[in-house]
Amino acid sequence: MSARELAEAVRAGSRSARQVIEEALARLDAAAPLNAVAHHDAERALAEADALDAARAAGEPLGPLAGVPVILKDNLWDAGVECSAASESLVGFFPPDSATVVRRLRAAGAVVLARGNMDELGMGSLTARSRFGPAKNPHDLRRSPGGSSGGNAALVAAGVAPIAIGSDTGGSVRQPASWCGVYGLRPTRGLLSRWGLVPLASSMDTVGVITTDPEDLACCLDVMLGADPLDQTTTPRPPWRLDVALREPPRGLRVGLLITPGAEAAPEVSAQVQRAAAALNTMGAIVDGVRLVGLPEALLAYTALCAVEAASNLARFDGQRFGRPAAGDDAEAQARDARARFGDEVRRRVLLGHAIGADRHRRALAAQGRITEAIIGHLDHHDLLICPTTPTVAARLDNAEAGRLADLFTAPASLAGRPALSMPFGVVDGLPVGVQLIGRAYGEEALFTAAAALHAQGASVPEAVEVQPRL
Ligand code: GLN
């Protein structure tokens with residue numbers, strides 16, 4: 001059931017919030033084979049549900065997400081609940097407050113059901129590097145759900161909860177959404193507050209949303225967006241009508257189908273992207289092919305900039321401020337001990353970040369400038385661009401190389417600070433394919449119009465594996 005339907009039932013009183021959450025907890029239990037959960041507290045979730053039922057009984061109005069179970073990525077602060085971002089270095093860190101987006105979700109009536117498994121500190125594309133162990137793809141348990149918000153995408157795809165909130169720096173919401181056959185939105189930077197999000201690369205980090213349909217995506221975005229005094233980079237609510245955008249036909253929408261020399265997706269993935277573009281064309285959109293060169297260079301630039309910013313952000317992990325106190329007689333020894341808790345990938349990126357000198361940093365910034373200009377140039381003449389979300393369908397868990405090119409098509413929108421939405425469109429060998437729509441800054445309306453039109457065409461997604469309850 002969609003988030004909107006659940007909330008409507010709870011508001012109308014045909015179902016209690018407690019009932020909704022009890023059922024979601026049973027599904028969470030049944031989804032144990034996915035290893036997609038970092039933490040959950042059934043009693044707390046039920047207490048939140050009871051509070052909603054009591055408010056309704058007292059005649060108080062309930063919000064647009066009344067009683068809707070949501071999954072939070074393990075890098076979002078929820079007051080008093082351990083927030084480790086799947087890293088040993090943050091074990092024992094209990095945030096003093098909740099992230100702004102989490103507070104806004106609760107104010108809309110949402111109930112936090114669980115925290116999703118992820119790659120340590122957001123670094124990865126497979127949800128394989130986590131202190132909780134690897135998560136699995138509900139469409140095929142031998143495959144990865146993608147990452148770093150892999151637990152989130154897996155739980156939404158398995159029908160455990162209709163909404164998950166993650167973070168997307170280079171693709172961490174879009175890529176797992178693509179591999180799990182669900183919707184993932186990286187909104188325009190500034191729309192969603194990052195206050196209470198464990199940072200990776202601050203210039204590109206965004207909070208993102210994962211759902212099973214475009215309406216829930218819009219509804220969830222709507223309750224979270226808007227200026228936040230705690231995050232100076234946030235902007236006021238745009239004068240949008242997302243409800244109108246979702247119903248509008250894509251007639252006259254100018255769509256650029258990206259041709260990316262030097263960056264190829266698997267032919268069967270490209271075929272689905274072309275099928276989506278053709279479907280939009282049939283519905284009245286004006287589609288033409290546009291060239292975007294330099295994706296491999298953009299990926300290298302993303303890797304360099306991400307490492308530099310991550311190394312700088314992680315310098316605050318000094319063994320005194322977060323998590324368990326580190327061992328050692330002086331500050332230096334404690335910092336060393338704290339850093340020893342990082343996993344291999346985090347250490348590798350910190351080293352890389354420190355090794356990148358001014359020259360290489362400048363070259364990465366120049367490459368970022370080039371891809372940004374090219375994308376903005378195309379968006380001068382197009383309402384949106386369309387391309388694959390990932391070069392392949394979900395990788396097998398034993399394929400260590402798989403994550404390497406996973407961000408090839410997602411990094412450009414991150415570097416350019418543009419919004420991008422991944423939606424399921426078509427199936428290859430029983431696995432979902434993700435199509436990516438990239439829009440203008442604050443151009444989410446066009447993304448929702450196109451996504452809703454394609455969704456209405458019944459973009460087929462394979463049924464998730466029926467995960468058996470534990471006995
Ligand atoms: N896979 C990318 C990386 O490893 C994306 C990370 C992210 O968006 N958090 O950097």
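As the structure lists them, so they are numbered: ligands from 1, and atoms in each ligand from 1. We count residues from 1, following the sequence as given.
At a heavy-atom distance under 4.0 Å, no atom of R174 approaches ligand 1. At a 4.0 Å heavy-atom cut-off, ligand 1 does not touch D119 at all. Residue contacts with ligand 1, taken as heavy atom pairs separated by less than 4.0 Å, involve S172 via backbone and side-chain atoms alike.
R349 NH2, 2.7 Å is the protein heavy atom nearest to atom 4 (O) of ligand 1.
Short contacts between ligand 1 and G122, defined as distances under 4.0 Å to a heavy atom of the residue, involve ligand atoms 6 (C), 7 (C), 9 (N). Distances below 4.0 Å separate heavy atoms of S148 from the following atoms of ligand 1: 9 (N). Heavy-atom contacts of G124 reach the following atoms of ligand 1: 1 (N), 2 (C), 3 (C), 4 (O) (cutoff under 4.0 Å). Against a heavy-atom cut-off of under 4.0 Å, S125 is close to the following atoms of ligand 1: 1 (N). In summary, the atoms of ligand 1 found under 4.0 Å from a heavy atom of L200, numbered by their order in the structure, are 9 (N). Counting the atoms of ligand 1 from 1 in the order shown, those under 4.0 Å from a heavy atom of Y302 are 2 (C), 3 (C), 5 (C), 6 (C), 10 (O).
Ion pairing between R131 and E82 holds under the 4.0 Å rule for side-chain N and carboxylate O. Salt bridge status for R106 with D78: present, with a side-chain N to carboxylate O gap under 4.0 Å.
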Show, in sequence, the C-alpha distance, side-chain angles and deciding distance for D344 and R129, and conclude whether the salt bridge (charged side-chain N to carboxylate O under 4.0 Å, His left out) test is met. CA-CA 9 Å; D344 288 349; R129 298 190 191 101; over 6 Å; no

Apply side chain to side chain donor-acceptor pair (under 3.5 Å) to the pair S172 and S149, showing each step before the final yes or no. CA-CA 6 Å; S172 278; S149 313; 5.1 Å; no

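With a 4.5 Å cut-off on side-chain heavy atoms, V81 and R44 count as touching. Taking the side chain as every heavy atom from C-beta outward, Y302 and P412 never approach each other to under 4.5 Å. Counting only heavy atoms from C-beta outward, the side chains of S148 and M123 never approach each other to under 4.5 Å.
Not a single heavy atom of K73 sits under 4.0 Å from any atom of ligand 1. Under a 4.0 angstrom heavy-atom cut-off, G171 registers as being in contact with ligand 1.
Applying side-chain contact (heavy atoms from CB on, under 4.5 Å) to L192 and the options T234, T206, L221 leaves one that passes, L221. L385 pairs with exactly one of R440, R254, H378 by the side-chain contact (heavy atoms from CB on, under 4.5 Å) rule, that one being H378.
With D407, L299, L121 as candidates, the residue nearest to atom 2 (C) of ligand 1 on a non-hydrogen basis is D407.
For a threshold of 3.5 Å applied to N or O pairs, the pair formed by G170 and ligand 1 contains at least one separation below that value. Between T169 and ligand 1, an N or O atom pair is found at a separation short of 3.5 Å.
Below 30°, between 30° and 60°, or above 60°: for W77 and F93 the angle between ring planes is above 60°, a perpendicular geometry.
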